[in-house]
Structures are given as C-alpha cells and as structure tokens.
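Take a look at the structure set out below.
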Amino acid sequence: MSTQPEYWFARRFAVGDRRNTFAPVHWKGFAATAVFIVALLIGGMAFAWMGASGDLLQGAILFAVCAFVAAGWFITVATAKGDKTRTVADYKKANPRV
C-alpha cells in the first residue's frame, strides 16, 4: 500500500513550459495563500500607521521585513507542497470542485 503525498499546489502550465507558476488546489494551499496575503496586509497597515505617526522610514523597513519573511515562507511552502508534474487542469478533471 503506497501513500501519495498530499499536494497543496499544482503547476499552472504543463511540464516543459518556461513558466513555473503554482496555483492552490487544496484547501491548505488556499489557506497558505490567505496567510501570505494577511501578512502583507498587516505589514501594509503597520507601514501606514507608522507613516502617519511620522516614522515613515521605520514603517517602510517593517513592511519590507514583513514582505520578505512572508514571501520566503510562501515560496518555501509552495515549493515543498507543490506537484511539479501535474497541472491545475489535471486536478480539475479528477475533482471538479477544485
């Protein structure tokens, strides 16, 4: 009995295409995407708050650090949990709810 890994993301385009983008195909992939977006929104709100308070440089640095950490985490998760052989269309054929 072999267990297949659980993929959260799949390729948007077929293998061989120079575009190597991923899209979520599992609820955990959509959740990871939402966490990334929320982290960017929090960083943006901190930037706006600190900018309005007169600490524009510190706000920009805080946003940059937030964005860098969130992007690094998201890319790591997408790469680790991404199906590098099948596409989103393959998942949609197998499960129309995707």
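Keep in mind that the numbers below use all heavy atoms, side chains included, and drop hydrogens, waters and symmetry copies. We number each residue from 1, following the sequence as shown.
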Tell me, please, which residues at least two apart from T21 pass side-chain hydrogen bond (donor to acceptor under 3.5 Å, both in side chains).
none
Could you check F22 against R11 for side chain to side chain contact (heavy atoms under 4.5 Å, CB included), going step by step and ending with a plain yes or no?
CA-CA 5 Å; F22 282 105; R11 297 175 58 90; 4.2 Å; yes
Under the salt bridge (Lys or Arg N to Asp or Glu O under 4.0 Å) rule, collect the residues that match up with R12, sequence neighbours excluded.
none
Does any pair with a residue in residues 72-85 pass salt bridge (Lys or Arg N to Asp or Glu O under 4.0 Å), and if so which ones, sequence neighbours excluded?
D83-R86
Taking distance alone, no hydrogens or angles, what donor-acceptor pairs closer than 3.5 Å link side-chain atoms of residues 27-48 to residues at least two apart or in another chain?
{"unit_1": "K28", "atom_1": "NZ", "unit_2": "E6", "atom_2": "OE1", "d": "3.0"}
{"unit_1": "T33", "atom_1": "OG1", "unit_2": "G29", "atom_2": "O", "d": "2.9"}

Side-chain donor-acceptor pairs under 3.5 Å in residues 51-80, sequence neighbours left out?
{"unit_1": "S53", "atom_1": "OG", "unit_2": "W49", "atom_2": "O", "d": "2.9"}
{"unit_1": "T76", "atom_1": "OG1", "unit_2": "G72", "atom_2": "O", "d": "2.7"}
{"unit_1": "T79", "atom_1": "OG1", "unit_2": "I75", "atom_2": "O", "d": "2.8"}

For V88 and A23, work out which heavy atoms get closest and say how close.
CG2-CB, 3.7 Å
